[in-house]
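Following: one structure in structure tokens, then a few remarks.
For the numbers below, each heavy atom of this structure counts, side chains included, while hydrogens, waters and symmetry mates do not. Below, chains carry the letters A, B, ... as their sequence lines are ordered, and counting in each starts from 1.
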There are 2 protein chains.
Amino acid sequence: MMDPKTKALFEARAQVMKALAHPTRLFVVDELSRGERCVNELQQMIGSDMSTVSKHLSIMKTAGIIADEKRGNQVFYSLLVPCVMNFFGCVESVLQIKARQTTELLG
Amino acid sequence: MMDPKTKALFEARAQVMKALAHPTRLFVVDELSRGERCVNELQQMIGSDMSTVSKHLSIMKTAGIIADEKRGNQVFYSLLVPCVMNFFGCVESVLQIKARQTTELLG
DNA sequence: GGGCTGTTTGGCAACATAGCCAAATAGCAA
DNA sequence: TTGCTATTTGGCTATGTTGCCAAACAGCCC
């Protein structure tokens with residue numbers, strides 16, 4: 001039945017994964033892996049409303065993935081946990097498997 | 001503005017991450033990393049309704065993370081992409097950062 | 001102070017997800 | 001065929017997420 005401690009652990013982990021489970025947020029992670037960026041820069045690259053971008057950043061900040069630093073009237077974000085970049089390689093191999101499955105399906 | 005190809009890539013990646021962004025599904029991945037399990041076994045460990053477990057499995061199968069194999073009247077699931085196990089260590093370090101942040105906040 | 005730029009927050013409507021129940025399906029054995 | 005076990009699917013409601021707009025807030029310069 002999964003004891004409460006174990007359950008809490010998997011819930012905490014899921015919370016972090018959720019914070020990464022959005023295309024925009026994955027893009028931000030990728031971008032921040034190359035250095036800090038201010039919200040304005042990210043917003044220009046992403047193209048969504050500024051408030052939308054800000055909320056995405058807030059989600060990842062709360063999750064502990066990124067950090068913010070105010071300088072003047074700008075806020076710079078940086079990647080706290082570079083190891084998340086290692087996810088991409090593995091995710092790519094999942095995508096390959098999926099692609100292979102689709103190919104098989106189509107014969 | 002992010003060109004369509006790049007956008008599609010991050011959307012595909014997010015789809016895989018989403019399939020992992022749930023405590024039950026992370027538990028299943030962890031369990032399957034120790035060997036194949038049938039739905040019934042997983043259901044017993046998880047404690048949710050059988051249909052709920054089945055749907056979680058279906059989501060991960062569609063994502064390309066796990067595979068199913070029918071033997072007799074049972075269906076056995078196995079982990080297709082063991083590298084997802086490497087996520088846990090990194091997620092743990094995110095959780096540590098979050099814990100440290102909380103500690104600081106409380107003084 | 002007022003006006004400007006940059007960012008966050010609140011609110012809301014659209015959409016997606018989760019989990020339960022009930023019903024359907026599949027395999028096996030009598 | 002019937003009956004039994006194992007699993008999936010459909011349908012529903014409750015809950016969570018997303019993204020926009022508008023409003024608030026913060027820092028700077030006049």
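- Judged by closest nucleotide on DNA chain D, B:Val53 is the one of A:Asp49 and B:Val53 placed further toward the 5' end.
- Within 4.0 Å of B:Arg71, counting heavy atoms only, lies no atom of the nucleic acid at all.
- The CG atom of A:Asp68 sits 18 Å away from the P atom of C:dG6 (whole-angstrom rounding).
- Of the candidate nucleotides C:dT7, D:dT17, C:dC20, D:dT17 has the atom nearest to the side chain of A:Lys18.
- Looking at every heavy atom in both residues, A:His56 comes nearest to A:Thr24 through CD2-CG2, 3.7 Å.
- Residue B:Leu42 contributes atom CG, which lies 17 Å from atom C1' of C:dG19 at whole-angstrom precision.
- To the nearest 0.5 Å, the span separating CG on A:Leu20 from SG on B:Cys90 amounts to 8.0 Å.
- To the nearest 0.5 Å, atom CG of residue A:Leu32 and atom CZ of residue A:Phe76 are 12.0 Å apart.
- Distances from the side chain of B:Ile59 to the nucleotides C:dT8, C:dA18, D:dG19 place C:dA18 closest.
- Because its NZ or CZ atom is not both nearer than 6.0 Å to the ring centre of B:Tyr77 and within 45° of the ring axis, B:Arg37 does not count as a cation-pi partner of that residue.
- Side-chain atoms of B:Lys55 come within donor-acceptor range of the base of D:dG10, with a qualifying N/O pair under 3.5 Å.
- Taking 4.0 angstrom as the limit, B:His56 places a side-chain polar atom (N or O) nearer than this to OP1 or OP2 of C:dG19.
- Ion pair A:Arg71/A:Glu69 flagged as a salt bridge, since at least one NZ, NE, NH1 or NH2 atom sits closer than 4.0 Å to an Asp/Glu carboxylate oxygen.
- Annotation: the span from B:Phe27 atom CZ to A:Glu11 atom CD amounts to 13.0 Å, rounded to 0.5 Å.
- When distances run from any side-chain atom of B:Val39 to the nucleotides D:dT7, C:dT5, C:dT8, the shortest one goes to D:dT7.
- Heavy atoms of A:Lys70 sit under 4.0 angstrom from primed sugar atoms or phosphate atoms, though from no base atom.
- The base of C:dC21 is paired with the side chain of B:Ser51 by a donor and an acceptor separated by under 3.5 Å.
- In this structure, CG of B:Leu57 is placed 12 Å from P of C:dG19, rounded to the nearest angstrom.
- We find that CD of A:Gln74 is positioned 15 Å from C1' of C:dT8, with the value rounded to whole Å.
- Side-chain proximity of B:Met50 to the nucleotides C:dG19, D:dT7, C:dC21 is greatest for D:dT7.
- A:Gln43 places its CD atom 12 Å from the P atom of D:dC21, with the value rounded to the nearest Å.
- The separation between B:Asn73 atom CG and C:dA30 atom P is 13 Å, rounded to whole Å.
- Computed from coordinates, the B:Phe76 CZ to D:dT5 P distance equals 17 Å when rounded to whole Å.
- For the OP1/OP2 pair of C:dG19 and a distance below 4.0 Å, the side-chain nitrogens and oxygens of B:Thr52 include no atom meeting the criterion.
- Comparing C:dA18, D:dT8, D:dT7 against the side chain of B:Cys38 picks out D:dT7 as the nearest.
- Nucleic acid contact class of A:Tyr77 (heavy atoms, under 4.0 Å, all strands): sugar-phosphate only.
- One atom, CD of A:Gln15, and another, P of C:dT17, lie 16 Å apart when rounded to the nearest Å.
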